[in-house]
Amino acid sequence: MTEKKLTTKSNGMPVLLIDLLVLLAAVAGTISGAFLWDETDNPALFVVSLAVLLVGWIPLLGLKVIRPQEALVLTLFGNYEGTLRDTGFYWVNPFCTAINPAADTSLGQSSDVKKHGVKVGEDGVNVSVDTGGMGKKLSLKVMTLSNGRQKINDCLGNPVEISIAVTWRIVDTAKAVFNVDNYKEYLSLQCDSALRNIVRVYPYDIAPNVDTTGDGVADDGSLRGSSEVVAGRIRDEIQQRVEEAGLEILEARIIYLAYAPEIAAVMLQRQQASAVIDARKMIVEGAVGMVEMALERLSENHTVELDEERKAAMVSNLLVVLCGNRDAQPIVNSGSLY
């Protein structure tokens, strides 16, 4: 089912004025008819005026006010009549019913889904809240969903905690209302499912022999280093799932990413060890280069002639000095070199 936009003119004010005039006339006719009934014994005016007064309020039920970025999905005896999207004061068939299955559902920014004025607090106790809903109107504004942190295993089996913020809006009101039971809860569940599917493809950090693109070639993709790519894949995955619900996913962003608490300390030690190894490797490479340069300069300038044994000793001493963790304590040899 696709959206059908109602082209009804904004004629709510004329209908309201006319109906109020009719009701006032019916009140006057009822009063006058009561007196005439006693005088002329003719109750016609009284009966007609009273009947108009009893049913005259029904057209008022068809008055609808549409504000900017709001929509109203209308059905008539079970049939989809159309959607009011343009701002204005409208009058529609008073027997039309507005439909919004997610009217009492509010997606919060702190992972709660509030229903019927009640939410589950952090301690598991139901807390009464004011949902502040829009009634049966659908909001066409850009909204943000944050489903809170989820614990998911990455492609290496390491548990990580991750949270995303999804920016979305309704583009087809008929699909949102009729194709799914509750489009807000549907979006929330699809975000969770898509997030799990994508996170399981990537390692937390760069790992060897891992293919994250599915082309059979190992790459450097990771949750920490390729956050933009991961967020884009999550957005595409969610969009594919909510297409039938008439929703558009504008953006998906990773707002929290960390190892799960049970392995966080171990992974921190691993990262520290890796950093130490990389630093040591750089120090050794620099020290070897400096020793080679020193030997070449001594040989070119013929500053001193060293045999192989003395060269080995010099190299050993220089490497100890350059690669040591502490400042060297020099020992002055006052005797002969040999």
Side-chain angles (χ1 to χ4, degrees), residues 111 145-167 188-243 249-296 312 315-316 318-326:
S111 78
L145 165 68
S146 178
N147 262 9
R149 301 176 187 177
Q150 295 188 64
K151 184 182 294 185
I152 308 171
N153 291 340
D154 65 2
C155 69
L156 300 180
N158 299 320
V160 299
E161 290 186 346
I162 186 171
S163 175
I164 60 171
V166 178
T167 305
S188 178
L189 294 175
Q190 296 306 321
C191 287
D192 289 347
S193 177
L195 179 61
R196 291 184 177 276
N197 286 345
I198 299 301
V199 169
R200 288 169 181 167
V201 177
Y202 287 87
Y204 179 87
D205 216 336
I206 297 175
N209 303 322
V210 174
D211 174 24
T212 62
T213 59
D215 58 0
V217 180
D219 52 69
D220 295 333
S222 66
L223 295 174
R224 189 168 68 92
S226 309
S227 58
E228 293 292 334
V229 177
V230 175
R233 292 186 64 176
I234 294 174
R235 178 212 165 279
D236 295 340
E237 179 85 5
I238 300 174
Q239 180 62 66
Q240 183 179 359
R241 293 169 178 265
V242 301
E243 193 74 34
I249 308 300
L250 302 176
E251 188 181 40
R253 290 288 179 183
I254 298 176
I255 58 177
Y256 181 84
L257 177 64
Y259 281 113
E262 57 266 26
I263 67 166
V266 176
M267 288 302 176
L268 178 59
Q269 293 177 356
R270 178 181 177 184
Q271 292 177 356
Q272 292 173 342
S274 177
V276 170
I277 292 173
D278 292 340
R280 288 294 182 186
K281 182 179 179 181
M282 184 179 298
I283 291 173
V284 171
E285 290 177 353
V288 170
M290 294 173 67
V291 170
E292 291 177 349
M293 181 182 66
L295 292 175
E296 290 177 0
V315 169
S316 176
L318 286 175
L319 288 177
V320 169
V321 172
L322 295 174
C323 298
N325 287 330
R326 300 178 181 178

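Between atom CD1 of residue Ile162 and atom CD1 of residue Ile234 there is a gap of 5.5 Å, rounded to the nearest 0.5 Å. Distance check: Tyr202 OH to Asp211 CG gives 9.5 Å after rounding to the nearest 0.5 Å.
The closest side-chain heavy-atom distance from Leu257 to Ser227 is not below 4.5 Å. Within the 4.5 Å cutoff, the side chain of Asn158 has no heavy atoms near those of the Tyr204 side chain.
The minimum heavy-atom distance between Arg233 and Thr213, with the atom names listed, is NH1-CA, 4.4 Å. Of all the heavy atoms in Ser222 and Val230, the pair that sits closest is O-CG2, 4.0 Å. Of all heavy-atom pairs between Ala194 and Glu237, the closest is CB-CG, 3.2 Å. Scanning all heavy atoms of the two residues, the minimum distance from Ser226 to Gly221 falls at OG-CA, 3.5 Å.
Considering only residues two or more places apart in sequence or on other chains, Gln150 meets the side chain to side chain donor-acceptor pair (under 3.5 Å) condition with Asp192, Arg196. Partners of Val210 according to the side-chain contact (heavy atoms from CB on, under 4.5 Å) rule, which considers only residues two or more places apart in sequence or in another chain, are Cys155, Leu156, Pro203, Ala207, Thr212. Partners of Gln239 by side-chain contact (heavy atoms from CB on, under 4.5 Å), not counting sequence neighbours, listed by chain and number: Arg235, Val242, Glu243, Glu248, Ile249. Partners of Ser193 by side chain to side chain donor-acceptor pair (under 3.5 Å), not counting sequence neighbours, listed by chain and number: Arg241.
Around atom CD of Gln240, no more than 12 heavy atoms belonging to other residues, nucleotides or ligands sit under 6.0 Å away.
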Could you give the side-chain donor-acceptor pairs of residues 281-293 under 3.5 Å, partners two or more places apart or in another chain?
none

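Within the structure, salt bridge (Lys or Arg N to Asp or Glu O under 4.0 Å) contacts touching residues 216-231 (residues at least two apart or in different chains) are Asp205-Arg224, Glu228-Arg253.
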